[in-house]
Amino acid sequence: MKVILSKHAGFCFGVKRAIKTAIEAKKAANGRVYTYGPLIHNPQVVSKFERDGIVAVESVSNIKSGSTIIIRTHGVSPAIEEIFRKKKLKIIDATCPFVKKPQKNIAKLVAAGYKTVIIGEADHPEVQGIKGYSVEKAGIVGTPEEAKKLVPSGKLGIVVQTTQSMKNFQQIMEILLKKAQEVKIYNTICSATHERQDSALKLAGEVDIMIVVGGHNSANTKHLAEVCETTGVVTRQIEDASELQNAWFKGKKKAGVTAGASTPEWVIKEVVSKLKKL
Ligand code: SF4
């Protein structure tokens, strides 16, 4: 079977930066360092880190003061940062600069008196962190159906989760634009997301099946799969090569492969090589 790898796939700038930051923090520390939540949404990388002494924690209550805590690419709310400071933890901020944009913009919108909305997934850590910068005032809209339920207001200020698909963003915006007299939008979808979605969409139109590789908890991987599905091509999302099933490829001649921004190169290579052998 012919296998084509998407032009843009795998680790993005923000993830590479966070991994480098965590490795450097570990070298400089005397003992373990901690990440608040998994550093990136990829279980293979997170378990390798754990073996190397870079440990993900969901709460800092059991960490000794003076320990190093790394803020992951998704960022955290100011309230969480305050907890770290009170506990006298050494804070290393690996929040992606693209995530800092919606955080700063939503704070500006609140200060300017806008009713604020985040377009994104309510339970995603990035969205929760952004919401914190709105002093917990922002509403969260994930789908056009949710947008329809939003109560109209005079001034509406909008930011977007960095990994949202353009299509979902546009569909929601069409509805929100009618909900206020004044609407200010910061399109904060990041360029890595654009590139990965655009090249995956193009490739999906040229193959018989698309394989999307990435953590099942990764929002950008999930959105990549949704983008591929819009072309009508059969799309399967897997975490690694062990999840590939021979039956998916019966009668298929060309397979396309793409991967989320938090998927390591070695995982992608394993998938491509297994596909080539089918
Ligand atoms: S997907 Fe975009 S926002 Fe998220 S870490 Fe990568 S570059 Fe940053």
Side-chain angles (χ1 to χ4, degrees), residues 5-25 35-46 48-49 54 56 70-77 80 92-107 118-133 138 140 142 158-169 185-201 212-228 237 239 257-265 267-268:
L5 182 61
S6 184
K7 192 175 164 203
H8 297 282
F11 278 0
C12 60
F13 147 81
V15 165
K16 282 185 194 159
R17 181 176 168 273
I19 289 177
K20 189 167 169 266
T21 306
I23 292 170
E24 280 167 6
T35 65
Y36 189 68
L39 186 70
I40 57 171
H41 274 160
N42 186 276
Q44 287 93 346
V45 173
V46 172
K48 178 173 183 326
F49 270 173
I54 302 168
I70 302 162
I71 299 176
R72 55 184 166 174
T73 51
H74 301 313
V76 292
S77 68
I80 300 270
I92 295 185
D93 191 359
T95 308
C96 178
F98 286 110
V99 175
K100 295 258 184 202
K101 288 184 188 175
Q103 290 178 343
K104 281 184 191 152
N105 291 334
I106 206 152
I118 306 164
I119 297 181
E121 291 147 79
D123 56 356
H124 193 281
E126 179 191 326
V127 174
Q128 288 164 2
I130 299 168
K131 188 172 176 180
Y133 278 82
I140 300 168
I158 298 163
V159 301
V160 196
Q161 182 182 0
T162 54
T163 49
Q164 279 289 296
S165 76
M166 274 306 283
K167 195 173 173 202
N168 194 45
F169 168 54
I185 313 157
Y186 287 98
N187 176 0
T188 42
I189 298 176
C190 85
S191 54
T193 301
H194 273 306
E195 284 169 357
R196 274 154 190 73
Q197 289 180 357
D198 288 352
S199 56
L201 189 66
V212 183
V213 193
H216 290 305
N217 56 350
S218 156
N220 76 80
T221 306
K222 190 180 94 187
H223 293 314
L224 265 181
E226 285 165 3
V227 163
C228 296
Q237 188 186 329
E239 210 156 79
V257 177
T258 185
S262 48
T263 311
E265 204 184 332
V267 173
I268 304 170

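Each ligand, and each atom within it, is numbered from 1 in the order the structure gives. Along the sequence shown, the residues carry numbers beginning at 1.
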Self-check item: For Cys96, the ligand 1 atoms whose distance to one of its heavy atoms is below 4.0 Å
Solution: 3 (S), 5 (S), 7 (S), 8 (Fe)
Quiz item: Which atoms of ligand 1 have any heavy atom of Phe98 under 4.0 Å away?
Solution: 3 (S), 7 (S)
Quiz prompt | With Ile189, the side chain to side chain contact (heavy atoms under 4.5 Å, CB included) member among Gln161, Gln164, His223 | solution = Gln164
Self-check item: Which residue and heavy atom of the protein sit nearest atom 6 (Fe) of ligand 1, plus the separation
Solution: Cys12 SG, 2.2 Å
Quiz item: How are the rings of His41 and His74 set relative to one another: parallel (under 30°), tilted (30 to 60°) or perpendicular (over 60°)?
Solution: tilted
Quiz item: Looking at Cys190, which atoms of ligand 1 are within less than 4.0 Å of one of its heavy atoms?
Solution: 1 (S), 2 (Fe), 3 (S), 7 (S)
Exercise. State whether a side-chain donor-acceptor pair under 3.5 Å links Ser165 with Glu226.
Key: no
Quiz item: What distance separates Gln103 CD from Thr95 OG1, expressed to the nearest 0.5 Å?
Solution: 5.5 Å
Quiz prompt | Pair His8 + His194: ring centers closer than 6.0 Å | solution = no
Quiz item: Among all protein non-hydrogen atoms, which one is nearest to atom 4 (Fe) of ligand 1, and what is the separation to 0.1 Å?
Solution: Thr162 OG1, 4.1 Å
